[in-house]
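Take a look at the structure set out below.
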Amino acid sequence: MALQGKKLINNPDDVVTEFIEGLVETYPGLQYLDGFPEIKVVLRADAVGGAYDKVAVISGGGSGHEPAHAGFVGPGMLTAAVSGDVFASPPVDSILAAIRAVTGTMGCLLIIKNYTGDRLNFGLAAEQAKSEGYKIEMVIVGDDCALPPPRGIAGRRGLAGTILVHKVAGAAADAGLSLADVAAEAKHASEAVGTMGVALSVCTLPGQVTSDRLGPEQIELGLGIHGEPGAAVVELQTVDVVVEHVLKQILSQETQYLPITRGSNAVLLINGLGATPVMELMIAARKAVPELQLEYGIAVDRVYTGTFMTSLDMAGLSITIMRSDENILQRLDAPTKAPAWPVGSEGNRPPAKFPVAVPPSPSMKDDEILSERQELSKQGCMLEAAIEAAAKELIDLKDNLNDWDSKVGDGDCGTTMYRGATAILEDMKTRYHLNDAAGTVNEIGSTIRKVMGGTSGILYDILCKAAYASLKQNKNITAYEWADALEASIAAVSKYGGARAGYRTMLDALIPASTVLKQSLKAGDDPVTAFIASAEAASAGAESTKQMQAKLHLQAGRSSYISPDHLVSIPDPGAMAAAAWYQAAALSVKNKLHASES
């Protein structure tokens with residue numbers, strides 16, 4: 001039976017910002033941007049104001065992996081770290097704020113883990129920063145060795161090996177190298193590292209119940225750091241057997257993930273996943289070192305054992321091996337004051353600390369507030385009803401979405417959609433010009449971008465921006481223009497997210513909806529009939545994702561890492577959410593029209 005997880009927290013929604021406040025109070029060399037709760041950025045206190053004369057190294061991602069990434073901010077490592085909500089990629093605006101805060105004339109290197117949300121958000125932020133005149137490079141770390149190739153468009157996940165890449169890049173930047181050289185060293189390090197994890201328990205998200213997926217005598221091999229299921233569940237083994245299995249997988253000549261052979265040199269990192277005692281980590285290190293030296297003929301130059309990148313309160317560990325050479329050892333040995341690297345924290349904490357103001361965006365305008373209630377046109381009333389119905393349906397579906405997502409992902413789909421839906425309902429009162437359909441769709445995208453983290457948030461923002469670009473070309477928006485806008489939105493999401501039909505994503509609901517909508521209108525059906533028919537197609541498409549486990553190699557997002565056994569009869573939460581709001585909108589338009597005619 002699943003039980004409510006015990007946490008030493010206040011409000012579950014405040015855990016990230018309160019963690020950051022505690023972190024900067026503890027370590028005198030760290031500061032944060034005054035942008036809570038949307039912008040959660042930790043930075044070096046000595047690198048503020050655009051006067052930083054070395055390459056800035058920025059990393060980040062979803063929270064829940066502490067001490068990564070904020071704990072590795074400091075001279076000799078990261079210049080800044082950007083935090084998203086728990087297990088959700090940080091939004092574009094947060095990443096841009098970090099870039100603007102610490103990047104000087106030498107430029108900025110972004111180091112991210114290979115997850116779709118991080119690639120999309122950091123990628124979009126990089127492009128925006130380049131357009132503002134910043135010099136930007138990006139290195140993506142995918143060091144997971146647990147899953148056999150190929151993994152479709154998703155690729156290998158980024159795990160604890162990312163921390164070693166941080167150290168190499170940070171030391172290179174601190175030495176005064178150019179952006180191109182720092183990026184080259186980081187890329188070289190990322191290509192020489194491999195990681196695999198083992199879990200004794202699943203993690204518990206703040207405010208949610210603890211999953212009972214793992215039995216008391218079971219462990220999970222090859223899991224991700226977001227609580228998603230691993231490659232295999234096996235009976236509990238001794239640590240020596242576990243270490244032997246993990247090293248064999250990392251050094252597999254079949255996958256050839258790690259370019260290391262007998263006679264090579266390596267660095268070893270033993271990482272606790274959040275609830276693993278130091279004693280157990282040291283026992284694993286004691287086995288791993290002689291195993292590498294005697295069984296594989298690999299000389300171990302350095303050993304780092306501790307907690308570097310976690311999955312909240314998960315019990316377990318990951319093992320990372322990095323092929324070493326003289327330059328990598330020089331970078332790893334270089335001094336750093338990053339608090340989570342195995343060194344002490346020096347310096348006196350000042351009596352008072354004040355947050356640093358968020359640098360303004362050169363293109364940012366003050367949010368426009370509607371001073372009085374709008375006089376809505378017929379179309380404005382329809383749009384209002386559709387938005388309200390869609391948002392309320394997502395709010396009601398929160399627990400179901402979280403339940404489905406806990407079985408195939410990280411368990412927060414419902415919470416993410418709930419956050420977006422409640423914000424949309426609030427902003428609709430004061431910010432949406434509902435008589436302007438195109439502008440309203442654009443504003444919905446802006447609302448989503450502010451409050452919804454992770455892949456869902458950025459993809460829905462892209463969807464809205466593409467729809468807006470299509471709709472704004474027409475003064476008189478009819479059902480045909482809405483159909484064109486939906487088609488354009490699907491194309492944009494597919495282009496940037498990489499998914500198509502059959503990938504277990506929201507497109508499995510929206511693609512059939514778009515197809516039926518166009519066909520129905522072309523056949524001469526009235527717009528409401530066409531809308532209802534397309535909504536039924538969306539629901540059928542979402543339900544069909546229950547049978548898509550056989551297409552594992554085609555999936556996008558975190559489902560691509562899940563074994564087929566875990567996907568049987570479980571629908572994709574993103575597709576179910578899309579079908580739900582689409583159908584609610586269609587029914588509200590139908591009911592509104594009938595009410596006005598009666």
Return the minimal non-hydrogen interatomic distance between [X] and [Y], and the atom names on each side.
X      : Y      : result
Lys592 : Ala385 : CD-CB, 4.2 Å
Ala98  : Val82  : CB-CG2, 3.6 Å
Ser89  : Asp118 : OG-OD1, 2.8 Å
Gly107 : Leu179 : CA-CD2, 4.3 Å
Leu96  : Ala129 : CD2-N, 3.8 Å
Leu43  : Ala101 : CD1-CB, 4.3 Å

How long is the straight-line distance from [atom2] of [Y] back to [atom1] of [X], given to the nearest 0.5 Å?
X      : Y      : atom1 : atom2 : answer
Leu376 : Cys381 : CG    : SG    : 4.5 Å
Glu38  : Asp85  : CD    : CG    : 10.0 Å
Cys464 : Arg449 : SG    : CZ    : 12.0 Å
Met417 : Leu397 : CE    : CG    : 10.0 Å
Asp525 : Ile532 : CG    : CD1   : 12.0 Å
Phe122 : Ile99  : CZ    : CD1   : 8.0 Å

Does any non-hydrogen side-chain atom of [Y] lie less than 4.5 Å from one of [X]?
X      : Y      : result
Arg119 : Ile112 : yes
Ile387 : Met428 : yes
Met576 : Glu543 : yes
Ile20  : Lys40  : yes
His69  : His166 : yes
Val102 : Ile58  : yes
Asp412 : Val86  : no
Leu205 : Phe87  : yes

Check: [Y] main-chain N/O paired with [X] side-chain donor or acceptor under 3.5 Å:
X      : Y      : result
Ser520 : Leu517 : no
Thr162 : Gly158 : no
Asp436 : Gly439 : yes
Ser59  : Ile111 : yes
Ser456 : Met452 : no
Thr79  : Val57  : yes
Asp405 : Cys413 : yes
Asp508 : Ala575 : no
Glu66  : Gly64  : yes

Salt bridge [X]-[Y], side-chain N to carboxylate O under 4.0 Å:
X      : Y      : value
Lys450 : Asp93  : no
Asp13  : Arg419 : no
Glu132 : Arg100 : yes
Asp396 : Lys392 : no
Asp144 : Arg157 : yes
Lys465 : Asp461 : yes

Between Leu521 and Asp526, does a side-chain contact (heavy atoms from CB on, under 4.5 Å) hold up when you go through it step by step? CA-CA 7 Å; Leu521 290 172; Asp526 67 87; over 6 Å; no
Run the numbers on Cys108 and Val55 for side-chain contact (heavy atoms from CB on, under 4.5 Å), then give the verdict. CA-CA 5 Å; Cys108 173; Val55 172; 5.9 Å; no
Return yes if a side-chain donor-acceptor contact under 3.5 Å exists between [X] and [Y], otherwise no.
X      : Y      : answer
Thr17  : Asp14  : no
Ser470 : Asp484 : no
Asn402 : Thr415 : yes
Thr478 : Glu481 : yes
Asn114 : Arg156 : no
Tyr52  : Thr105 : no
Lys113 : His65  : no
Thr545 : Asp572 : no

Please lay out, stage by stage, how Tyr432 and Ile424 fare under the test side-chain contact (heavy atoms from CB on, under 4.5 Å). CA-CA 9 Å; Tyr432 298 170; Ile424 287 170; 3.9 Å; yes
Carefully, step by step, assess Glu443 and Asp427 under the rule side-chain contact (heavy atoms from CB on, under 4.5 Å). CA-CA 9 Å; Glu443 285 299 320; Asp427 282 358; over 6 Å; no
Which residues pass the side-chain contact (heavy atoms from CB on, under 4.5 Å) test with Ala70, not counting sequence neighbours?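 If we apply the side-chain contact (heavy atoms from CB on, under 4.5 Å) test to Ala70, skipping adjacent residues, the hits are Phe19, Leu23, Val42, Ala81.
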For Ala513, side-chain contact (heavy atoms from CB on, under 4.5 Å) partners two or more places apart: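 Checked Ala513 against side-chain contact (heavy atoms from CB on, under 4.5 Å); matches are Ser534, Ala538, Tyr582.
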Looking at Lys187, I want to see if its NZ is surrounded by more than 12 non-hydrogen atoms of other residues, nucleotides or ligands under 6.0 Å.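 No, NZ of Lys187 has 12 or fewer neighbouring heavy atoms, counting only those of other groups under 6.0 Å.
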NZ of Lys518: more than 12 outside heavy atoms within 6.0 angstrom?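 More than 12 heavy atoms, drawn from other residues, nucleotides or ligands, come within 6.0 Å of this atom.
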Could you give the side-chain donor-acceptor pairs of residues 489-498 under 3.5 Å, partners two or more places apart or in another chain?
{"residue": "Ser489", "atom": "OG", "partner": "Leu463", "partner atom": "O", "Å": "2.9"}
{"residue": "Ser489", "atom": "OG", "partner": "Ala467", "partner atom": "N", "Å": "3.4"}
{"residue": "Ser489", "atom": "OG", "partner": "Ala485", "partner atom": "O", "Å": "2.9"}
{"residue": "Ser494", "atom": "OG", "partner": "Ala499", "partner atom": "O", "Å": "2.7"}

Run Asp181 and Ser178 through side chain to side chain donor-acceptor pair (under 3.5 Å) and show every step you take. CA-CA 5 Å; Asp181 289 339; Ser178 68; 3.3 Å; yes
